[in-house]
Enquirer: 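Handing you this structure, nothing more for now.
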Amino acid sequence: MKMKKLLCVLLTFALVAALAGCGKTEGNNASSDNAGKTTNTQTSESEKTEENKTTETTEPIVLRVCDWSDSTAAAREKFHEEFMKNNPDIKIEYSCMTIDQFSNSVVLAISGGDAPDLFPVPSNMNLPTAVASDWYLPMQDYVSQEFIDSFIDGTLEEGKQRINGVLYTVPENKGMTHSLIFYNTDILEQCGLEVPTTFEEFRNACKVVTEKGNGEFYGLIEGGNQANRCDVMLRAFAQAAGGKIAVSNEALTVNGRAPYDSPEVKLAAKLISDIVNDGSVYPDTASIAAPEARELFAQGKAAFLMQGNWCIGAWDSTYPDFHYSVMAVPKASPNGYTAAGENGTWMGIYKQTKHPEAAARYIEALYDTETYSYQADVVSAGSYISVIKGVNEKYLTNEKMKKYYELASEGVAIPIATTRDTGFYDFYGVVAGCTPNLANICQGIFSNSFENVDEVLDQLAEAETKNWQAGCELAGVDFSKLEFDNWEAGKPYTDADYSNLK
Amino acid sequence: MTARKKKTITTNLWCWAFVSLTLIFYILFQGYPIICSVIYSLHDWSGMTPDMRYVGLANFKNLMKDAMFWSAFKNSFKYMAVMVPLEVSVSLLYACLLNSPKLKGKTFYRACLFLPVVITAAVAGIVMSFIFSTGGAVNYILTSLKIVDKAVNWMGNAKLAVAAVVLVSLWKDVGTYMLYWLAVLQGVSKDIIEAAELDGANSIKLFFYVTLPVIAPAAGVIVILCTINSLKAFDIIQTLTGGGPFFATDVIATYIYKMAFTADIGMPRFGYASAASLTFGFVVIIIGVILNLIKGKLQRKETAR
């Protein structure tokens with residue numbers, strides 16, 4: 001009998017443990033709004049009590065911060081030291097990941113309710129969706145008006161930092177195009193080449209450099225293993241050919257279709273394909289990521305690299321003897337243009353954080369130009385352009401960054417579907433992408449995987465158009481609003497143009 | 001209730017008590033995720049937001065029309081078709097050599113061959129991507145020995161990337177199967193070997209006519225394990241090639257990973273990826289069952305002899 005009882009107890013315990021385990025996990029992953037709301041209410045009630053308790057005791061609050069800002073890592077480390085010195089009640093735990101790592105791990109942490117206290121909006125997500133998913137706290141409840149006013153006018157945008165006027169995030173820096181071309185001045189000089197301005201000149205320059213390099217250096221290098229860089233490159237060349245195409249992660253149609261089969265996109269693909277077939281691309285390009293390409297470029301392995309302004313600070317500190325400059329993307333048409341950069345969404349305070357006030361203190365300090373030197377450090381190092389009033393005028397002294405900024409300022413604004421109709425935020429939340437996508441196709445060109453790239457682009461345009469139509473239907477937005485009839489390639493798309501739309 | 005029946009019930013209860021802990025862990029870490037996958041596969045869901053939209057079997061229907069899924073599906077089987085014979089035969093060869101009583105320094109060789117197994121696959125993949133790069137050790141050796149004129153772009157060429165993945169996977173996993181074979185070989189009765197040697201059998205005859213028939217039943221288990229593991233291959237491929245160049249090495253696991261966690265526009269497709277993983281999981285189970293049936297049949301035949 002005793003044995004029976006013991007077994008019953010054991011089995012009951014096992015069953016209860018299993019059910020409790022399942023129940024708890026389900027609760028954490030709960031998709032229902034109710035579950036989320038309950039948790040959040042409880043958190044907000046307990047937040048202040050817990051924060052008060054922590055302040056009363058000597059144990060510092062551990063504030064977890066996570067992002068992918070690798071190019072400013074050194075300045076950030078210095079800032080954290082200063083911040084912790086001034087705020088002994090806060091201990092910073094900072095993780096700098098790659099965008100891919102971030103998207104995979106932090107997103108899972110958010111689903112499990114254990115995200116860092118401060119983290120950026122992932123690149124493939126928009127703020128309205130993130131806020132609707134209960135990811136972020138309204139920041140303005142915790143930061144001062146003085147802090148909000150310190151931002152350059154227009155940098156805290158509706159849909160990107162604000163929802164219905166409520167501030168949720170702050171941008172890391174002033175948005176600039178990420179598709180300018182860096183060139184190695186020593187190599188170009190050695191080969192007797194001028195800065196190329198057309199597709200033909202660019203292809204020829206790559207060829208000449210490769211011939212002169214004789215295996216030591218090549219014409220072009222790119223992080224071909226990194227999809228976003230390939231996507232940026234193909235789009236940038238298509239725009240330089242006068243093509244009407246949206247920037248990465250956005251949708252625009254031309255004549256009712258996704259414009260991936262347009263003559264300009266095909267011309268851009270042909271240019272890259274020709275350079276590859278000429279043997280003018282660094283051999284490992286297809287298998288290296290953007291940071292590796294950046295390093296190899298600075299080591300003199302190639303004459304040209306298309307990347308963003310973040311390279312400047314990194315190169316200047318690591319390779320002080322590296323001679324380089326920056327140029328606009330070569331054009332193939334008088335209508336050719338470079339799309340103006342947009343401010344990113346960047347970082348907000350996690351809705352379930354136990355330390356919202358400490359998180360707000362961190363954010364305020366990061367942009368504080370009186371007590372902290374972070375903004376001055378990153379701008380003077382050439383890492384990026386600040387979004388805080390007066391910083392760039394005072395600290396933008398890096399000549400290369402100045403040139404990059406000048407060239408980037410020539411970028412023209414292109415239409416944005418969410419500006420025309422905010423319903424497109426829902427569209428981006430439901431639309432399914434294609435595989436292979438534009439980035440994959442560019443990667444395929446680098447690895448010489450196609451006999452006829454035009455055919456693949458035709459298929460992509462066809463499939464993507466169908467996906468966008470389905471996405472619009474699901475989101476309840478008008479597919480025809482992805483078309484901007486009054487948009488002329490190469491001409492800036494203005495507020496007046498939005499107003500004049502039918 | 002008879003005493004015998006009582007005893008049977010008590011024995012059964014004891015058995016359940018002993019397996020209960022494993023069962024609980026199985027339910028939590030295998031059963032629950034499988035059930036979740038089934039639920040997710042019926043939804044259009046990014047995995048990032050709370051809004052799941054029920055779509056029924058639409059994900060499965062779309063999957064059937066997805067050329068990239070079938071390409072990854074084919075690649076998985078091609079990979080398996082190459083890896084299984086290679087791994088089984090090479091590991092058996094190593095095991096036979098290491099089992100030879102004449103060989104000195106067996107422990108050292110065994111450790112060398114087993115070492116790659118203990119290295120994290122992700123680290124091995126990253127290190128190997130450097131070794132196979134145009135400026136890496138492999139190309140250095142090939143060009144130094146004048147085997148090739150200029151550096152070979154292993155990871156940038158579809159066929160060569162597949163070859164590199166196979167070589168690295170073989171290097172990484174062969175140690176595991178070698179250990180299985182060694183365990184089997186050490187179970188072969190020395191009496192039979194000695195008797196065959198006395199009858200004048202040389203090493204080759206000894207292997208084919210004495211050892212092989214004895215170890216054949218165990219081979220079935222090793223082949224099944226190797227087949228299932230090669231169909232599940234992910235970490236080495238993800239870190240070495242990421243499924244590239246242009247999907248040449250994209251297997252089901254890398255396809256699912258991309259679908260679940262990345263997107264060029266819009267959000268990732270977690271529900272769709274779940275449908276892909278269930279479909280492929282189902283296929284792997286069927287293959288496992290078929291192989292098991294074949295193994296059982298062969299074993300019965302062997303016993304009948």
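Naming: A, B, ... by sequence-line order, numbering from 1 per chain. Since we're looking at a predicted model, the values are computed, not measured.
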Enquirer: Between P245(B) and S447(A), what is the shortest heavy-atom contact and its length?
Expert: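 Of all heavy-atom pairs spanning P245(B) and S447(A), the closest is CB-CB, 3.2 Å.
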Enquirer: Which bit of D231(A) comes within less than 4.5 Å of chain B, counting heavy atoms only: side chain, backbone, both or neither?
Expert: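 For D231(A), there is no contact with chain B at all, as no heavy atom is under 4.5 Å.
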Enquirer: Output the distance between atom CZ (F446(A)) and atom CZ (F246(B)), rounded to the nearest 0.5 Å.
Expert: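 Going from CZ on F446(A) over to CZ on F246(B), the span is 14.0 Å.
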Enquirer: For the CD atom on E473(A), are there more than 12 heavy atoms of other groups (residues, nucleotides or ligands in this structure) within a distance under 6.0 Å?
Expert: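 At most 12 heavy atoms, drawn from other residues, nucleotides or ligands, come within 6.0 Å of this atom.
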Enquirer: Side chain, backbone, both or neither: which part of S129(B) has a heavy atom under 4.5 Å from chain A?
Expert: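 Neither part, no heavy atoms under 4.5 Å.
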Enquirer: Pick one of side chain, backbone, both or neither for F25(B), based on which atoms fall under 4.5 Å of a heavy atom in chain A.
Expert: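 Contact with chain A involves no heavy atom of F25(B) at all.
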Enquirer: To the nearest 0.5 Å, tell me how far F132(B) CZ sits from D284(A) CG.
Expert: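 So the gap between those two atoms works out to 12.5 Å.
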Enquirer: So, using side chain to side chain contact (heavy atoms under 4.5 Å, CB included) as the criterion, who are the partners of T253(A) when residues are at least two apart?
Expert: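 So T253(A) forms a side chain to side chain contact (heavy atoms under 4.5 Å, CB included) with W468(A), F479(A), L482(A), E483(A).
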Enquirer: Got a sec, which pairs hit side chain to side chain donor-acceptor pair (under 3.5 Å) with one end in residues 147-160 of chain B, sequence neighbours left out?
Expert: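 For residues 147-160 of chain B: none.
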Enquirer: Name the region of E250(A), side chain, backbone, both or neither, that has any atom closer than 4.5 Å to a heavy atom of chain B.
Expert: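 Backbone only.
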Enquirer: Quick test of your reading: applying ring pair (Phe, Tyr, Trp, His ring centres under 6.0 Å), list the pairs with at least one residue in residues 61-82 of chain B, sequence neighbours left out, ordered by first then second residue.
Expert: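 Passing the test, one end in residues 61-82 of chain B: F69(B)-F73(B), F69(B)-Y255(B), W70(B)-F73(B), F73(B)-F77(B), F73(B)-F280(B).
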Enquirer: Given a strict heavy-atom distance threshold of 4.5 Å, which part of N448(A) is in contact with chain B: side chain, backbone, both, or neither?
Expert: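 Neither part; nothing is under 4.5 Å.
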Enquirer: Listed by residue number, which members of residues 431-438 of chain A have a heavy atom under 4.5 Å from any heavy atom of chain B?
Expert: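 Residues in range: V431(A), A432(A), G433(A), C434(A), T435(A), P436(A), N437(A).
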Enquirer: Out of curiosity, D44(B) CG to L474(A) CG, how far, rounded to the nearest 0.5 Å?
Expert: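 Output value for this atom pair is 6.5 Å.
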